[in-house]
Amino acid sequence: MVSMNRTRALWLLSSIFFILAFLHPLTEILIFPAFLFLLRALTQSTSAIQVMRHSLMLGTIKGLGVLLWIWNIYPLSWLTDHSAMLQIATMTVYWLTAALTLALGTTVAITCVYLCHKHLKKGLYTLPFLWLAGELIGALLYSVLTLGPGSSIQMHFSYGFVGYTIANFPLLNSIATFGGVYTLTLLVATLALLIHVYTKQEKMVKKITTFNCVTTLVTCVILFTAVHHYTREIPVHNLSVIAVSTNIDKTFMPGENNHAARRTVAYEATTQALTLSPDVIILPEDLRMLQGFTSLEEIFELLGDTLLIDSARTNIEQGVISRAYIFNPDEQTAYALDKNYLVPHGEYMPYLHNALLRPFLSSSTALQLAEDLAYTTGKPNKYTNFPDDTPVILSCMESAWPGALYKRTRDHTPPFVAHTISHSWFHKPTILWHQQDRMLQAQALWSNTTIITAPNMAPQKVYRPSGSIEQGKPIAETTYWALHVVKI
């Protein structure tokens, strides 16, 4: 009984440390004790059923902690006509079901590691690969949970991937240059495993050969990737980019007046930015300045020699899409780029959650949701069709897609990546911002490209291929907009 209670305590401690590792930069190092408690609990467990039960608990607790930022959406602006109880119930259902789907992937991974440990001599060494597989399974199941008109079955949702916890660690994060968060995850799990084996004195004699081989291999990999990272060439383009940040929440002018007011803010910020003669201006997601013009000629007359990036809700034959536009003054044309990864509950309503929620909605709210959350994914973006100096667009939720930038920069080398964001649904989600920092660091490292954010209701930042983050400092600002100059 004492041994069983001790094992349960180890599982619980592991769960708590996994949560803490994702909440703040200062607690990221706790990912290693999280794995150490897990491995100790795993090796002390007596049956696969016991491991499945405890790993499901661990995965659920970890998922709930990672997704705590969901509660920064409260109060739900699209349910303000309904009771606080319905809003809280809606968020609780989404929070729990999302955490459970991620937990199922964790359960599969940990159970498989346990079975390998029981039936193979060196079974614990499967941990890094099975853990990564479990994270991908969780992402896959999350896409099934959130399947709707604006989504597909994929493995893009990477919140909770353990590799992000070392994306800000010098030297260790160098491995991200060869695979982003995927290789970071393999490294975290491998280092934790080696620490476990080293500290497990009674196993040292039996595992010393494998331990030495794996340690030598990992050391060589870290040194090789570090040399590659710190010696690779980072292109200099001598560009002056102005990223516009805005402060426009969902209460900023109701109805159609909201769109007109946003266009006014965008126009004021753009005209002020143009006085500084930048090479590029980036506007936040869905600011819709372009809709205030009647022709391309008008836009280019305003812009002069400056390239502008804007985006807007766009109606096409297949439905509503979120589309970014790059206005290129050299070519006197605009390139259209569609958002390929949408936000559930923000841009579309998942089938399952829609079916659960609809009976509790008033007819007016249901109609409004059907209109507002009606986005669908656009066509795949082919940057090879554009000039070589065309920036790549990464729209809001696409930061959570680990391979998004690698895919877009594999055959196209942009001067930088414009990350357009709108967090108007949220109320200062600091946990979310921290997690997205790590996601963008990993993507910048993998793609060897600078990422510049143009945010609404979020901090403006720059993510360099070196792995560093630069906090934006406005050179001009008003109540609703600020300008940040970035040199590329």
Side-chain angles (χ1 to χ4, degrees), residues 77 241-276 278 280-296 298-300 302-303 306-315 320-329 334-339 342-343 346-347 372-375 378 391-399 416-426 451-461 472 474-486:
S77 58
V241 179
I242 290 185
V244 177
S245 62
T246 53
N247 186 34
I248 303 173
D249 64 17
K250 285 295 181 181
T251 64
F252 179 77
M253 302 291 288
E256 283 302 315
N257 291 330
N258 177 283
H259 306 318
R262 275 190 287 177
R263 288 194 292 270
T264 299
V265 169
Y267 182 80
E268 289 177 356
T270 301
T271 52
Q272 181 62 38
L274 286 169
T275 64
L276 302 172
V280 183
I281 298 174
I282 312 171
L283 297 177
E285 185 180 43
D286 201 34
L287 215 53
R288 311 187 189 190
M289 190 186 86
L290 61 95
Q291 294 181 348
F293 295 85
T294 58
S295 67
L296 281 176
E298 276 188 72
I299 296 175
F300 287 119
L302 170 69
L303 296 178
T306 299
L307 183 146
L308 175 71
I309 298 174
D310 190 19
S311 56
R313 176 184 171 116
T314 304
N315 293 303
V320 178
I321 59 172
S322 178
R323 175 169 285 176
Y325 296 87
I326 301 177
F327 295 93
N328 188 331
Y335 311 127
L337 297 156
D338 298 344
K339 189 173 181 178
L342 302 179
V343 184
E347 291 169 318
D372 291 344
L373 305 184
Y375 286 86
V392 162
I393 308 294
L394 192 70
S395 298
C396 205
M397 182 72 170
E398 291 179 332
S399 62
F416 66 91
V417 174
H419 182 40
T420 57
I421 314 168
S422 180
H423 284 172
S424 58
W425 292 94
F426 292 93
I451 302 173
I452 304 172
T453 65
N456 176 49
M457 300 294 292
Q460 195 282 323
K461 295 182 181 180
I475 59 166
E477 60 183 322
T478 66
T479 303
Y480 294 113
W481 56 262
L483 307 181
H484 311 263
V485 175
V486 181

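- With sequence neighbours excluded, the residues that form a side-chain hydrogen bond (donor to acceptor under 3.5 Å, both in side chains) with T314 are Y325.
- Note that the CG atom of L290 and the CD1 atom of I299 stand 6.0 Å from one another [nearest 0.5 Å].
- The two residues H484 and P474 have their closest heavy-atom pair at ND1-N, 3.5 Å.
- Shortest non-hydrogen contact noted between M289 and L302 is CE-CD2, 4.4 Å.
- The only option from L283, I248, T246, N456 that meets the side-chain contact (heavy atoms from CB on, under 4.5 Å) definition with R262 turns out to be I248.
- Taking each heavy atom of R313 and A374 in turn, the nearest pair found is NH2-CB, 4.4 Å.
- Here F426 pairs with H423 under the ring pair (Phe, Tyr, Trp, His ring centres under 6.0 Å) rule; sequence neighbours left out.
- Taking CG of N315 as the start and CD1 of I321 as the end, the distance is 9.0 Å to the nearest 0.5 Å.
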side-chain contact (heavy atoms from CB on, under 4.5 Å) for L276 and I475? Distances and angles first, verdict last. CA-CA 10 Å; L276 302 172; I475 59 166; 3.2 Å; yes
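- When side chains are defined from C-beta on, M457 does not count as touching W425, because their heavy atoms never get closer than 4.5 Å.
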Checking side-chain contact (heavy atoms from CB on, under 4.5 Å) for the pair S245/E477: CA distance, chi angles, key distance, verdict? CA-CA 9 Å; S245 62; E477 60 183 322; over 6 Å; no
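- With sequence neighbours left out, Y335 forms a ring pair (Phe, Tyr, Trp, His ring centres under 6.0 Å) with F386.
- The structure places NE2 of H419 at 9.0 Å from CD of E285, a figure rounded to the nearest 0.5 Å.
- Here the OG1-CG distance, from T264 to L287, works out to 10.0 Å after rounding to the nearest 0.5 Å.
- For the residue pair P278 and A273, the shortest heavy atom distance occurs at CD-O, 3.2 Å.
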Please step through side-chain contact (heavy atoms from CB on, under 4.5 Å) for the pair F416 and V280, ending with a clear verdict. CA-CA 11 Å; F416 66 91; V280 183; 3.7 Å; yes
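- When the side-chain hydrogen bond (donor to acceptor under 3.5 Å, both in side chains) test is applied to K461, the partners found at least two apart in sequence or on another chain are D437.
- Between I281 atom CD1 and L308 atom CG the span is 6.0 Å, to the nearest 0.5 Å.
- Without hydrogens or angle criteria, E347 side chain to V343 main chain gives a donor-acceptor distance under 3.5 Å.
- Taking the six-membered ring for Trp and thresholds of 30 and 60 degrees, Y267 and F293 have ring planes inclined between 30 and 60 degrees apart.
- To the nearest 0.5 Å, atoms CD1 (I242) and CD1 (I452) are separated by 11.0 Å.
- With hydrogens and angles disregarded, a donor-acceptor distance shorter than 3.5 Å links the side chain of S311 to the backbone of D286.
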Let me see the working for V244 and T270 under side-chain contact (heavy atoms from CB on, under 4.5 Å), right down to the final yes or no. CA-CA 8 Å; V244 177; T270 301; 5.5 Å; no
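- Minimum interatomic distance between R263 and G292 (heavy atoms only, all atoms of both residues): CD-N, 3.5 Å.
- Listed by chain and number, the residues in a side-chain contact (heavy atoms from CB on, under 4.5 Å) with Q272 are T275, W481, L483 (sequence neighbours excluded).
- Residues P329 and L307 come closest through the heavy atom pair CD-CA, 3.7 Å.
- For S295, the side-chain contact (heavy atoms from CB on, under 4.5 Å) partners are E297, E298, not counting sequence neighbours.
- Although no hydrogens or angles enter the test, the distance criterion places no donor-acceptor pair under 3.5 Å between the side chain of Q460 and the main chain of P455.
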